[in-house]
Amino acid sequence: MGKFVVTGGNKLEGELRVHGAKNAVLPILAATILNNNTSIIHDCPNIKDVDTMVTILERLGCKVKKDKNTLIIDSSQADQVKVPEELVREMRSSIILLGSILGRHGEVIISYPGGCSIGHRPIDLHLKALRQLGVQIEEKQGYIYCKASKIKGDEITLDFPSVGATENIMLAAVFGKGNTVIYNPAKEPEIVDLQNFLNSMGASIRGAGTNKIVINGIKELYSTEYNVIPDRIVAGTYLMAAAITGSEITLTNVEKDHMYSVLSKLREMGCELRYGGRRIKISAPEQINPVDVIRTQTYPGFPTDMQAQTMAVLTVSSGTSVITEHIFESRYKHAEELIRMGANIQLEGRTAIIKGVNNLFGTEVIAKDLRGGASLVLAGLKADGVTTVLDSIHVERGYEDIARDLSQLGADIHFYS
Ligand code: EPZ
């Protein structure tokens, strides 16, 4: 397992381009199975999760070519319907292939995705919705067997606006008979990107980003070329890097409309933000203010994927802040590692009380999950001395090269594989 070695104390400066969104490109890659043709996708981040998804697509019969951040997928020979267990275990979000393989072939066999360190991650909402679309589903020996002679359009109301369930319904219903309506869908920008990608192949979907998505079933899809949206969580992470180090940096290739809830908290911390086109310039104070309460919510509320990084910044604020995590049941594993660095954090169930301290000190810490690992890197930027973040593999899943990016801004950080 690799590690990051960070020597704290450097100010950051300069400009950095944000790469394409992991959580947009993964469902879009799954969707390439549907057009039985070629898809050219630009601005794919070079991250472990994309590598895993490409491996799965190849196992399903796709031909994939990679040219820097462009992927060319030919799904005309993608005739396999079984997603192997070892690959689903490696990346639980491969469950998104359920909808696309089902949409293309009318059947799919996929291993039950396990939980992960942030929570149990059930898929009951996915399966309930697919059953409503006429899919026969059998769960045995750790696999899910799905069959549907024809997906029949229906009106589905999600009990919870699950991102994955919304995506699986959209993918399964593209060739469905008649219309499928999703009430209470997830409204994340990545859902809108999936809709736009599918429509670029000839699908007929509208309403993504609102409380109602309508999918008109069509007969076939065509080849396409598409640019993935910027990663709002990677952008948020780098803005938090400026906040914790009292720096001024500029990010390019960002969509501020995807980040209002994070930007408003940065302003509450005392950061100055200026916008122009797809650029954000942040100027952070020497010491940030505390934030009364941050509640993680579904989009457009404060994103759970920014909770850990924000907690790291708040550990050195001038007062006491409160975070409540409402999306995942165990997404505070980074807190104990931050406490090892001298942070003052009290956990009470889903609530974290963070009392600002004057300084953190470098030590050896362990990344337990993707965003928790990123939060430890951020804390290392500020800590006195050297911080070693072990098990960097977690961070490599969602950040193209966080050491390269932060070094480019002036941080003293090295990656050792
Ligand atoms: C997506 O996961 C993202 N992953 C996650 O990002 C993100 O944290 C999450 O959405 C919430 O925004 C990808 O897009 C690849 P959910 P997903 O279904 O689809 C419960 C990151 O760091 N639930 O919206 O799995 C579930 O237990 C990752 O980039 C059910 O109860 O999220 C959780 O508490 C981490 N039953 C909540 O909903 C279901 O059938 C949110 O899950 C499905 C979900």
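Below, each value reflects all heavy atoms present in this structure, side chains not excepted, and no hydrogens, waters or symmetry copies. Indexing begins at 1, ligand by ligand and atom by atom, following the structure's order.
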Is the positively charged end of K368 above the ring of Y332, judged by distance under 6.0 angstrom from the centroid and angle within 45° of the axis?
no

Here the atoms of ligand 1 under 4.0 Å from any heavy atom belonging to R371 are 21 (C), 22 (O), 29 (O)

Please check if atom CD in E86 has more than 12 non-hydrogen atoms from other residues, nucleotides or ligands closer than 6.0 Å.
yes

Less than 4.5 Å apart, side chain to side chain, heavy atoms only: is that true for L376 and V395?
no

Distance from atom 19 (O) of ligand 1 to nearest protein heavy atom, with residue and atom
G164 N, 2.9 Å

Out of K128, H126, E167, R121, who gets a non-hydrogen atom closest to atom 25 (O) of ligand 1?
R121

With no hydrogens and no angle check, is any side-chain donor or acceptor of K256 less than 3.5 Å from a backbone partner on I280?
no

Give the residue, atom name and distance (to 0.1 Å) of the protein heavy atom nearest atom 38 (O) of ligand 1.
F160 CE2, 3.3 Å

Looking at atom 35 (C) of ligand 1, is any protein heavy atom nearer than 4.0 Å to it?
yes

Below 4.0 angstrom from a heavy atom of R331, which ligand 1 atoms are there? Numbered from 1 as shown, please.
8 (O), 22 (O), 35 (C)

Counting from 1 in the order shown, the ligand 1 atoms closer than 4.0 Å to a non-hydrogen atom of L125 are 36 (N), 39 (C), 40 (O)

Residue D257 excluded, over 12 heavy atoms near CG under 6.0 Å:
yes

To the nearest 0.1 Å, how far is atom 27 (O) of ligand 1 from its closest protein heavy atom, and which atom is that?
P122 CD, 3.1 Å

Proximity of I327 to ligand 1 by residue part, where a heavy atom lies under 4.0 Å:
both

So the atoms of ligand 1 within less than 4.0 Å of a heavy atom of R92 turn out to be 25 (O)

Ligand 1 to K22, heavy atom cutoff 4.0 Å, flagged ligand atoms 21 (C), 29 (O)

Check for a donor-acceptor pair, side chain of Q195 on one end and backbone N or O of G207 on the other, with a separation under 3.5 Å.
yes

N/O of S93 under 3.5 Å from N/O of ligand 1, yes or no?
no

Suppose we measure from atom 24 (O) of ligand 1 to each protein heavy atom; which comes out shortest, and what is that distance?
V163 N, 2.8 Å

Looking only at protein heavy atoms, which one is nearest to atom 8 (O) of ligand 1, and what is the separation?
D305 OD1, 2.6 Å

Nearest-contact summary for atom 18 (O) of ligand 1 - protein heavy atom, Å:
S162 OG, 2.8 Å

Have a look at D305 and tell me which of R232, R331, K22 forms a salt bridge (Lys or Arg N to Asp or Glu O under 4.0 Å) with it.
R331

Would you kindly specify which portion of L370 sits under 4.0 Å from ligand 1, judged on non-hydrogen atoms: side chain, backbone, both or neither?
side chain

Which of the numbered atoms in ligand 1 are under 4.0 angstrom from any heavy atom belonging to I123?
39 (C), 40 (O)

K265 atom NZ, over 12 foreign heavy atoms within 6.0 Å
yes

When you look at CZ of R89, are more than 12 heavy atoms from neighbouring residues, nucleotides or ligands closer to it than 6.0 Å?
no

Numbered in order shown, the ligand 1 atoms found under 4.0 Å of a heavy atom of T304 are 8 (O)

Is it true that, when you exclude K128 itself, more than 12 heavy atoms of the residues, nucleotides or ligands shown sit nearer than 6.0 Å to its NZ?
no

With T296 as reference, evaluate Q307, R350, E325 under the side-chain hydrogen bond (donor to acceptor under 3.5 Å, both in side chains) test and give the passing residue.
E325

Quick check on K333: does its NZ atom have over 12 non-hydrogen neighbours (other residues, nucleotides or ligands) under 6.0 Å away?
yes

So which heavy atom in the protein is nearest atom 14 (O) of ligand 1, and how far is it from that ligand atom?
N23 CG, 3.3 Å

